J.: 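Below is a structure I'd like to ask you about.
Atoms within a ligand are numbered from 1 in the order they appear, just like the ligands themselves. Remember, it's a predicted structure, so these values are computed and weren't measured experimentally.
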Amino acid sequence: MSTQTLYERVATHLGEQIRRGVLRAGERMPSLRQLGRDQGVSVSTAVEVYAQLERQGLLEARPRSGYFIRAMPAPGAVGARAPARLARTPQPVRQPELLCVPEELTRKARMALHSATPAPALLPGAALHSALQRVMRRDPDAAVRYAAAEGVADLRLRIAERYARVGVDVDPEEVVITAGAMEAISLALRVVTSPGDVVLLETPTYHGLLQAVAALGLRVLEVPTDAESGIDVACLEKQLARQPVRAAILVPNFNNPAGSLTGDAGKRAIVAACTAHGVTLIEDDLYAELAFSGERPPPLRRFDTRGQVITCGSYSKMLAPGLRVGWALGGRWTQQLLHAKGFSTVATATLPQLAIADYLARHGLDPHLRRLRRALADNAQRSRDAILRHWPAGTCVGDPGGGLSLWVQLPQELDARSLYEAGLARGIGSLPGDLFSLRGDHRHHLRLSFGVPWSDAVDDALRTLGKLASTAAR
Ligand SMILES: Cc1ncc(COP(=O)(O)O)c(C=O)c1O
């Protein structure tokens, strides 16, 4: 038996007609009295029906003219920009323990659409295995001594050279090798901030960043990131003008989960605003090499003339998440980062660094990256098509130019956590949008990864999620 009240039933029915285009944008809805007669309900129920549709963003009331149907977002556009509840004052991260990837996901998800990592089949596992063996043969003591705190010299040089290709001048001496980008970001935060300081993050943003901030007792201001246009620079400027902010942690190149890319003009303006307000920029740049076009977008550091940016990156998304090798470009903070590294992990594990350096010397990065980007672009396109085909009307999906994340906006009446749970019960992993913000916003968004190679099984999983969403929407 339906648990919907009478007005909800009528509102759901009308909402579906609007989303399917049976009732068109701009059209005037029947008067309240007429609606009551048409649907066999009282005028007061009709009032509730229109109020519900208004809350869902489907209708707008025009004074003395009645109710009109609002334009729906174009298919594919991820409409919602700023969450309505963007806080103006800094807040501590509420219940950081809830921002973890649910433990049951890895156990239950046979189809791992939740993990923003290329599947092992897309990574050069065999070549890295050979590299590890070569390193062990060449240098049998590598595993029984510490690496230098700053990391293996050859690797530092290769990282600096790679940035030179996009016009960023990096001194190998400022490259601090870390256990993934996450350690680099945590060290940077430790060096730059003190407990109670305010940091600026995007919404949505990677939940690991929110965890790192919570662990250090920092307070957060948010700035919206739009799946299509990237970081809302005007809002960032306003937030910085309003109160003192110590650091900004941003993911301008293919944000996880939004998949968004902030353009060069936006990046330049962000660096200028942060510099003007004395805000240190901690840039999380680990997806940039996964640009489908093959043209790696520049990091914020490219626009930094005053040494305001600490750029962090890693090999996790392009080569091997399990080897745990990343870096920070420390600039004037290099010595402080090394000091913090000393009491964090002393030094990054020796063998993975040497293995990656060996792999790069033998194969370079580009041949593998070309294959990986092609596969990811193909997966992303097919996943989008499947979602637009099989999911209920009103679903919008981002169109990322790189990275690993598809940000899907469900029709307003659907709760992403319920869909996540229903999917997981059928072995399909996804992540609900409320993991990606300070206070559990983005409840109608789901993040899917396109790191799993395309197959009938992926198509089936997306179709199943679509069916579940359609059933829930009814
Ligand atoms: C935006 C972002 N930053 C950092 C990380 C962690 O990266 P790493 O494995 O290099 O520590 C992730 C992993 O998903 C991520 O999406």
Side-chain angles (χ1 to χ4, degrees), residues 99-102 105-106 112-120 122-123 128 151 155 159 175-190 199-215 223 225 227 230-231 247-262 281-291 297 299-300 310-329 337 341 344-345 348-349 352-353 356 376 398 400 402-407 429-431 433 435-437 447-452:
L99 294 175
C100 295
V101 171
L105 247 181
T106 32
L113 302 183
H114 59 279
S115 173
T117 318
L122 297 178
L123 295 173
L128 287 165
L155 194 59
I159 291 165
V175 179
V176 177
I177 305 288
T178 56
M182 208 54 235
E183 193 199 16
I185 293 159
S186 295
L187 293 178
L189 277 171
R190 258 193 234 171
V199 291
L200 187 92
L201 276 92
E202 290 159 77
T203 179
T205 196
Y206 172 52
H207 47 85
L209 301 180
L210 289 159
Q211 299 270 2
V213 158
V223 59
T225 277
I231 298 167
I249 315 165
L250 302 177
V251 193
N253 292 329
F254 311 123
N255 161 298
N256 167 13
S260 51
L261 173 67
T262 302
L281 268 158
I282 300 172
E283 168 176 32
D284 185 354
D285 192 34
L286 82 174
Y287 289 108
E289 295 279 9
L290 301 186
L300 290 175
I310 302 176
T311 298
C312 303
S314 83
Y315 291 108
S316 292
K317 308 298 175 179
M318 38 180 164
L319 279 185
L323 289 182
R324 307 303 303 131
V325 177
W327 59 84
L329 308 182
L337 286 170
K341 170 86 187 161
S344 166
T345 50
T348 303
Q353 296 188 61
I356 289 183
L376 293 178
L404 282 156
S405 300
L406 267 188
W407 191 226
S430 63
L431 280 180
L435 282 184
F436 298 96
S437 72
R447 191 201 76 184
L448 295 171
S449 158
F450 46 84
V452 180

J.: So if I only count non-hydrogen atoms and take anything under 4.0 Å from ligand 1, which residues does that give, chain by chain?
T.: Gly180, Ala181, Met182, Tyr206, Asn256, Asp284, Leu286, Tyr287, Ser314, Ser316, Lys317, Arg324

J.: Here's a test for you: under side chain to side chain donor-acceptor pair (under 3.5 Å), which of Lys341, Arg324, Gln353 qualifies with Thr348?
T.: Lys341

J.: Going by ring-ring contact (aromatic ring centres under 6.0 Å, His included), name the residues that satisfy it together with Tyr315, two or more places apart in sequence or in a different chain.
T.: Trp327

J.: Taking the side chain as C-beta and beyond, is there a heavy-atom pair between Leu155 and Ile356 under 4.5 Å?
T.: yes

J.: Output all residues satisfying ring-ring contact (aromatic ring centres under 6.0 Å, His included) with Phe450, sequence neighbours left out; order by chain, then residue number.
T.: Phe292

J.: Is the closest side-chain donor-acceptor distance between Ser344 and Glu183 under 3.5 Å?
T.: yes

J.: Checking Asp284 now: which residues fulfil salt bridge (Lys or Arg N to Asp or Glu O under 4.0 Å) with it, not counting sequence neighbours?
T.: none

